[in-house]
There are 2 protein chains.
Amino acid sequence: MPTPPPRGRPRSFDRAAALDAATMLFWERGYEATSIADLTEAMGIRAPSLYAAFGDKRSLFEEAVAGFRHTHGAYVARALAEEPTVRAGIARLLRDSATEFTTPGRPHGCLVISAGVNCGSPQVREQLRAIREGSVADFERLIAAAVASGEEPPETDPGTLARLTAAVLQGMSQQSRDGVGRAELELLAAAAMRAWPPLRSE
Amino acid sequence: MPTPPPRGRPRSFDRAAALDAATMLFWERGYEATSIADLTEAMGIRAPSLYAAFGDKRSLFEEAVAGFRHTHGAYVARALAEEPTVRAGIARLLRDSATEFTTPGRPHGCLVISAGVNCGSPQVREQLRAIREGSVADFERLIAAAVASGEEPPETDPGTLARLTAAVLQGMSQQSRDGVGRAELELLAAAAMRAWPPLRSE
DNA sequence: ACCATTCTGTAGCAGTCGCTATGGAAAGGA
DNA sequence: TCCTTTCCATAGCGACTGCTACAGAATGGT
């Protein structure tokens with residue numbers, strides 16, 4: 001069914017732009033350290049408009065996370081999909097993360113990894129933890145399939161390799177926030193890939 | 001010079017025990033998510049006693065961090081010192097961290113790694129960042145010395161290996177807080193060590 | 001024109017934050 | 001005993017937290 005025609009006074013601000021501004025703040029400071037006053041100022045609106053458009057703070061954060069994953073997380077699926085092997089895909093994922101985590105002009109690191117740390121709201125923590133766990137499960141599934149197909153050697157432990165990948169990503173995110181630069185993170189990423197078992201060279 | 005005899009009414013609580021209680025709270029919730037009310041309740045004292053004995057919240061945290069490093073961080077130096085090679089030392093450091101990060105009955109992960117994330121106080125963030133950076137520098141120095149002595153092969157990149165070690169520790173800390181168990185972290189730690197260049201077997 | 005609907009700005013709610021002024025209680029020294 | 005010193009408990013400071021009641025402004029429908 002089509003969207004009914006809007007009634008009443010139209011919204012006077014750009015909802016998507018406001019959400020973007022909120023996302024940047026959450027990304028930079030984390031969920032709890034970002035106050036409603038911070039948000040309304042960055043979004044250019046007053047508190048009642050924020051609550052009318054986005055619900056409470058947690059709903060706004062959920063929407064920001066969803067938008068973040070769509071806009072700034074797409075490179076993950078792309079890296080895994082566009083490379084010919086899982087190993088090459090994860091190598092590229094780590095390499096691209098070094099770039100994504102240190103892009104100038106926006107917060108460093110990954111919102112999903114950092115924004116919920118030390119957060120008082122169990123729901124927010126759990127929301128982000130579930131996303132992270134989903135990534136680990138995705139990695140594991142892909143690696144296990146590669147082992148099953150003979151692409152990766154049989155002694156491979158898909159679960160451990162998936163967790164190692166996630167751990168390296170988490171470490172890279174925190175280090176990028178600590179000021180470590182792109183070049184050093186790329187070296188780190190390349191080094192981490194040496195943990196994979198040697199490929200049978202035919 | 002000897003400590004002058006105490007004058008006036010003696011303190012009615014155990015300062016060290018109170019500091020321990022504060023450390024546990026900071027460790028579990030992080031700096032900012034731990035309120036003075038939380039602290040006074042856990043320490044069993046009132047706010048004025050806390051301020052008289054420890055100064056402000058940041059001073060208390062600094063003292064908690066120092067105590068944490070002394071009590072719960074000693075295993076790091078021990079692992080590096082007691083193993084015959086740097087490689088074995090870092091392997092044991094990672095392995096022992098899997099245990100330390102998941103010990104039942106106390107907070108998971110590492111206070112130095114997590115308690116300052118998303119913290120509004122730049123001083124607290126910087127305090128912990130400097131400790132982390134010091135660890136990386138220590139790792140790098142040890143690895144570089146091992147390369148110089150021929151213990152590790154010349155193609156080794158000490159800086160990158162040091163950063164990788166730190167990244168894996170950070171990832172292990174966050175994952176332990178996400179509920180990942182000791183056994184899985186030990187596998188992760190062992191896998192990470194495969195990133196080291198192969199040893200010249202003579 | 002008038003109404004229903006929806007948005008916006010002002011102003012402020014109750015609660016918590018880190019922190020402290022104040023007065024009484026508990027100790028040692030004279 | 002009296003004084004000094006130090007600690008403790010009550011109570012509360014101003015600022016901030018997430019959030020909202022209310023009234024006015026702006027739109028479309030009739």
query: Is there a residue in residues 17-30 of chain A whose heavy atoms reach under 4.0 Å of DNA chain D, and which residues are they?
result: none
task: For the residue pair B:Arg106 and B:His72, establish whether any side-chain heavy-atom pair is separated by less than 4.5 Å.
output: yes
message: Ignoring hydrogens and geometry beyond distance, is the side chain of B:Arg46 in donor-acceptor contact with the base of D:dA9 at under 3.5 Å?
response: no
Residue pair A:Ile113 / A:Arg132: nearest heavy atoms and the distance that separates them: O-NH1, 3.7 Å
- request: Would you kindly give the CZ-to-P distance between B:Arg9 and D:dT6, to the nearest whole Å?
  value: 14 Å
- prompt: Does a side-chain heavy-atom distance below 4.5 Å link A:Glu151 with A:Arg87?
  reply: no
task: Taking the side chain as every heavy atom from C-beta outward, state whether A:Val65 and A:Glu62 have any atom pair closer than 4.5 Å.
output: no
statement: Here the pair of heavy atoms bringing B:Leu164 nearest to B:Ala195 is CD2-CB, 3.6 Å
- prompt: Less than 4.5 Å apart, any side-chain heavy atom of A:Tyr31 and any of B:Asn118?
  reply: no
- line: Result for 5'-nearest mapping on DNA chain D, choosing between B:Arg11 and B:Gly8, is B:Gly8
statement: In whole angstroms, the gap separating P of C:dT6 from CG of A:Leu50 amounts to 19 Å
statement: B:Phe13 CZ to D:dA9 C1', in whole Å, measures 13 Å
task: Using the closest heavy atom to pick a nucleotide of DNA chain C for each, name whichever of A:Pro10 or B:Pro10 lands nearer the 5' end.
output: A:Pro10
- line: Nearest heavy-atom contact between B:Asp38 and B:Ala33 is OD2-O, 3.8 Å
task: For C:dC7, take OP1 and OP2 only and decide whether either is under 4.0 Å from a side-chain N or O of A:Ser12.
output: no
task: Let me know the distance between CD1 of B:Ile45 and P of D:dT10, rounded to the nearest Å.
output: 14 Å
task: Mind telling me whether B:Phe26 and B:Phe61 have parallel, tilted or perpendicular rings, with 30° and 60° as the class edges?
output: perpendicular
Report each atom pair, protein N/O against N/O of nucleotides 16-22 of chain D, whose distance is under 3.5 angstrom.
residue : atom : partner : partner atom : Å
D:dT17  : OP1  : A:Ser35 : OG           : 3.3
D:dG18  : OP1  : A:Thr34 : O            : 3.4
D:dG18  : OP1  : A:Lys57 : NZ           : 2.8
D:dG18  : OP2  : A:Ile36 : N            : 2.7
D:dC19  : OP2  : A:Tyr51 : OH           : 2.9
D:dC19  : OP2  : A:Lys57 : N            : 3.0
D:dC19  : O5'  : A:Tyr51 : OH           : 3.2

- request: Run the numbers on B:Asp20 and B:Thr23 for side chain to side chain donor-acceptor pair (under 3.5 Å), then give the verdict.
  value: CA-CA 5 Å; B:Asp20 268 7; B:Thr23 304; 4.8 Å; no
